[in-house]
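Data first, discussion second: the structure below is written as structure tokens.
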Amino acid sequence: MAGITSIGAYIPLYWLSGEEIGKMWRVKGTAGGKAVAGYDEDSVTMAVAAALDCMKGSDRGPEACYFATTTGPYREKQHAAVIAGVIDLDRRCHTADFTGSLRAGTTAMKSAIDAVKGGSAELVLLAAADCRMGAPRGKFEQSLGDGAAAIMIGSTGVLADIVGSYSLFSDFTDEWRTGNDAFVRSGEGRFVDEVGYLPTMQEAISEVLKSCSLKPGDCSRVVLAASDSRRHAHLAKSLGFDKAQVQDPLLTDIGDTGTPAALLMLVAALEEAAPGDRILFANYGDGADAFIFRVTEEIGRIRGRLKMRDRIAKKRSIAYGTYLDWRDLLPFEASSLPERAEPSLAVRWRERRTVSALYGVKCKKCGTPQIHPIGQTIRVCVACQSKDTFDTYKFSDKTGKLFTYAIDHLQPTKNPPGLNGVVDFDGGGRLICELTDYDLDKVAIGMPVAMTFRKLSQGKGIVNYFWKATPLAQ
Amino acid sequence: MESFRDKIAIIGMGCTKFGERWDMGVEDLLVEAAYEAFQDAGVEPKDIQAAWLGTVFSGMTALTMSPLGLQHIPMTRVENMCATGTEALRAASYAVAAGICDVALAIGVEKLKDSGQTGVKGPAIIGDNPDGTSSIGSGYSAPASFAYLGTRYFNQYNLDPHEGKRLLAEIAVKNHYNGSLNPKAHFQNRLTVEQVMKAPIVAWPLGLFDCCGVSDGAAAAIVTRADMAKSFRADPIYIKGLGITVGARQGSMRPDYDYVHIEENVLASRQAYAEAGVKDPRKEISIAEVHDCFTCHELILYEDLGFSPRGRAKEDIDAGTFTLSGELPVNTDGGLKCFGHPLGASGLRMMYEVYKQLQGKAGPRQVKNPRLGLTHNLGGNAGAGIGSCVVVGSERSK
């Protein structure tokens with residue numbers, strides 16, 4: 001037996017409405033809008049957030065960690081290894097990136113199922129994230145959103161059993177980017193529908209139903225990937241699904257999030273599922289993957305989780321100019337203020353435990369948890385001066401309180417003014433760090449915070465990731 | 001341990017005009033300050049037996065001093081962040097006290113405005129590796145690193161934001177008034193409380209006029225053995241006590257640090273007071289030049305240096321205690337706020353003012369009958385500090 005044992009999601013806080021985009025270009029904007037990754041986020045940081053959400057409350061780590069994306073910041077360097085380090089997985093964990101197709105998420109899921117069934121791993125974590133861009137004034141600018149989803153595949157404590165699957169590939173060019181393209185390109189709409197999307201999805205879905213001897217009406221929930229609502233409705237109708245069966249594609253809420261899109265719908269479907277439900281799940285991109293899940297009694301375990309609706313409702317609207325700035329879509333005037341220091345590869349390697357999983361130490365003699373403000377190795381206890389008598393101590397999963405703060409109008413940031421805080425961790429330890437995703441009007445001494453993995457800067461061609469504090473969700 | 005009190009005398013000082021000195025390079029600033037000091041002491045460059053240069057950004061080695069043309073004497077560059085100028089004075093004084101030489105030069109310089117940047121690269125010295133690279137690359141500014149104090153002070157002592165800002169503004173207004181009487185100060189303008197409070201915010205609660213000037217400048221002191229001082233001039237100034245203390249970033253790492261005082265300030269001043277035999281600084285110190293890089297730091301310094309009881313600096317500010325005509329005038333030359341802050345020069349610039357005051361040569365800023373003067377610098381910031389404090393007097397105790 002193999003199936004989904006845990007789910008996780010991440011929707012960035014920021015939101016750009018179709019109306020705002022329409023106003024910029026003096027056209028009628030699409031209804032709704034799209035989730036926009038913050039200035040300090042990318043596919044890796046969003047995947048980390050979804051993965052941590054997925055692992056919450058689990059007492060053991062996976063033996064494999066897969067990352068699916070088409071927008072990893074590196075062309076050469078494995079993102080799954082970055083993510084596995086940040087979420088603090090065992091070094092023997094098998095890591096792999098799945099990329100090149102919007103179907104990469106389900107390709108990774110299929111590999112995860114195979115690994116679990118084949119016995120090479122008991123638990124496989126799969127995180128998918130994308131941060132795709134449409135060219136300004138184009139249709140993709142309005143339709144593409146950002147987000148991440150994570151799924152754990154395992155054989156015990158399964159929430160949703162895999163009953164059947166069917167996959168096919170298709171060398172069909174409907175949406176693509178070459179190595180030189182910053183923006184998504186696409187073929188002509190009806191051509192994509194009539195020759196690509198509809199027949200490919202129809203075949204995969206019909207075949208998976210047939211293989212399980214099911215009829216469309218036997219599915220409690222139908223999760224169908226689609227890059228626009230019209231196409232989505234057309235497909236559902238053509239296969240004979242009732243509107244009530246069909247899972248909301250979230251397109252007007254967060255946009256087409258690419259690789260994680262179908263998985264986010266699946267997460268939302270599972271959040272509402274009851275034991276015994278049958279879920280049809282089909283993903284599209286260079287072919288199609290279709291699966292049938294059967295929900296188990298274990299689904300009760302995820303009842304208390306934050307729901308997709310609540311995640312979406314948190315949105316904070318941004319202006320179009322902010323979006324241009326955050327996505328580097330315009331050359332902006334260079335700052336005359338001092339820039340951030342360039343990262344040193346050697347120092348980042350030496351301090352990798354701090355940089356990636358925010359590890360500090362706890363003194364064995366006096367019990368003081370401590371982390372160095374500039375990420376240096378602590379050799380002598382700051383409290384009792386004992387030398388080299390430490391246990392490692394993780395701060396990334398600790399909550400804390402804001403002891404004091406500074407709103408910095410000189411800070412090099414794409415979201416000025418910068419907010420910096422002195423964070424006192426629950427359980428001990430203090431860190432001076434940046435904050436993110438805050439409402440400046442609500443920042444106050446004593447505010448509860450949690451840590452979140454973000455991009456600090458990019459220099460020397462590398463992404464300089466580190467942790468920031470963020471107001472704790474109440 | 002032998003007492004350092006009254007072993008060393010300052011017999012000559014020099015200080016350039018501070019400001020955006022587009023017209024002068026490091027070499028000009030050094031020469032201006034040093035030659036004023038030579039002339040003031042009545043010595044020739046050849047009389048200098050050893051020299052210490054304090055600079056943070058404007059030179060890596062003692063060769064930075066080559067424009068002075070000193071001929072093959074021991075010279076060293078020292079650095080201790082914003083306490084660098086005091087560090088140079090300390091090194092020169094200790095060498096003379098140790099009997100290694102009899103006449104030594106301490107000089108501090110900083111040429112910040114050639115960088116083309118608006119501010120000082122704070123985190124580069126606070127947060128990064130010696131080669132300028134970083135493991136984390138945090139990017140908060142120097143004002144932000146001090147704003148933590150203001151935010152916390154307001155909270156701790158229940159000052160509403162308006163009242164807190166007003167208190168800070170009073171400090172800026174005082175220092176600008178003093179600076180306006182000083183032709184060498186970077187800024188010559190007087191400000192009103194309203195102007196300061198309405199200025200654009202740099203790092204809340206600090207507005208533009210709560211932040212010191214980013215300036216170019218140099219200052220120099222010539223020190224000698226106290227017993228030789230009168231052979232150079234009739235009115236030398238004697239070093240009574242000198243304290244420098246460097247923390248282990250305790251405040252940045254330990255939640256028991258309160259962000260309403262700076263331990264390194266307290267400890268450096270206590271060290272200097274003990275050496276100088278000062279029991280009640282509020283009563284015994286006649287004039288103080290303190291490190292008002294940001295107004296909220298001067299606020300806290302009134303308490304750290306023992307001038308005001310904890311949490312009660314407000315009463316003294318409102319009573320005008322620290323104004324030019326007050327009970328204990330602070331930053332009579334305009335302070336970092338108005339005189340400017342070329343990092344490596346500042347400690348010696350402060351001493352220049354105290355020296356002139358003790359000699360009765362401070363012109364319109366002259367304080368009545370000063371006996372003991374104090375200079376104070378803080379390198380780093382709250383939580384990771386380098387505290388330094390010097391007490392000087394016009395009379396040598398018998």
Side-chain angles (χ1 to χ4, degrees), chain A residues 335-352 354-355 360 368 370-376 378 380 382-383 385 403-413 417-422 424-425 428-434 444-446 456-457 459-460 464 466-467, chain B residues 115-156 200-208 211 247-260 381-384:
Chain A
S335 169
S336 68
L337 296 166
E339 285 300 314
R340 290 167 194 267
E342 295 272 287
S344 156
L345 296 181
V347 176
R348 282 181 70 83
W349 171 78
R350 211 157 50 231
E351 307 304 337
R352 60 198 175 280
T354 298
V355 172
T368 303
Q370 50 204 288
I371 180 162
H372 200 278
I374 60 166
Q376 287 182 352
I378 296 175
V380 176
V382 74
Q385 287 82 56
F403 184 76
T404 183
Y405 60 91
I407 300 163
D408 191 354
H409 293 257
L410 304 182
Q411 194 151 19
T413 168
L419 177 64
N420 305 274
V422 176
D424 286 350
F425 289 101
R430 168 176 278 186
L431 181 68
I432 302 172
C433 63
E434 290 179 42
I445 283 175
L456 278 195
S457 62
K460 288 189 176 168
N464 186 14
F466 192 58
W467 293 82
Chain B
S115 71
Q117 291 183 328
T118 306
V120 176
K121 204 181 173 202
I125 41 177
I126 299 162
D128 301 335
N129 304 308
D131 63 354
T133 61
S134 161
S135 55
I136 296 170
S138 66
Y140 60 85
S141 68
S145 71
F146 279 85
Y148 289 131
L149 290 168
T151 305
R152 191 69 210 180
Y153 192 96
F154 293 179
N155 177 274
Q156 176 112 351
I201 293 295
V202 173
W204 172 264
L206 305 172
L208 184 62
C211 305
R249 298 182 190 268
Q250 292 93 336
S252 307
M253 297 168 73
R254 297 185 59 176
D256 55 2
Y257 169 56
D258 62 11
Y259 273 93
V260 293
N381 53 41

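FYI, side chains are in, hydrogens and waters are out, and symmetry mates aren't considered; it's all heavy atoms of this structure. Reminder, nothing fancy here: chain letters follow the sequence lines and each chain counts from 1.
- In terms of heavy atoms, Y259(B) sits closest to R430(A) at CE1-NH1, 3.3 Å.
- Contact record, S141(B) with D408(A): N-OD2, 2.6 Å, taken as the closest heavy-atom pair.
- Looking at N420(A), the atoms closer than 4.5 Å to chain B (heavy atoms on both sides) sit in the backbone and in the side chain alike.
- Of all heavy-atom pairs spanning T151(B) and Y405(A), the tightest one is OG1-O, 3.0 Å.
- The parts of P255(B) that come within reach of chain A are both its backbone and its side chain, each placing non-hydrogen atoms under 4.5 angstrom from that chain.
- Of the atoms belonging to P417(A), not a single heavy atom falls under 4.5 Å from chain B.
- Side chains of M253(B) and I378(A) form a contact here, defined as non-hydrogen atoms less than 4.5 Å apart.
- Within the 4.5 Å cutoff, no side-chain heavy atoms of Y140(B) are placed close to those of E434(A).
- Proximity to chain B involves both the backbone and the side chain of A383(A), based on heavy atoms less than 4.5 angstrom apart.
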* Go through the steps for N155(B) and T404(A) under the test side chain to side chain contact (heavy atoms under 4.5 Å, CB included), then give the verdict. => CA-CA 9 Å; N155(B) 177 274; T404(A) 183; over 6 Å; no

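- Contact tally against chain A (heavy-atom pairs below 4.5 Å) for V202(B), D256(B), I201(B): the top residue is V202(B).
- No other option in G421(A), G428(A), C433(A) has as many heavy-atom pairs under 4.5 Å with chain B as G421(A).
- Y257(B) touches chain A through backbone and side chain together, each having a heavy atom under 4.5 Å away.
- Interface residue I445(A): only side-chain heavy atoms are found under 4.5 Å from chain B.
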* Give the intermediate values and the outcome of side chain to side chain contact (heavy atoms under 4.5 Å, CB included) for residues R249(B) and V382(A). => CA-CA 8 Å; R249(B) 298 182 190 268; V382(A) 74; 5.9 Å; no

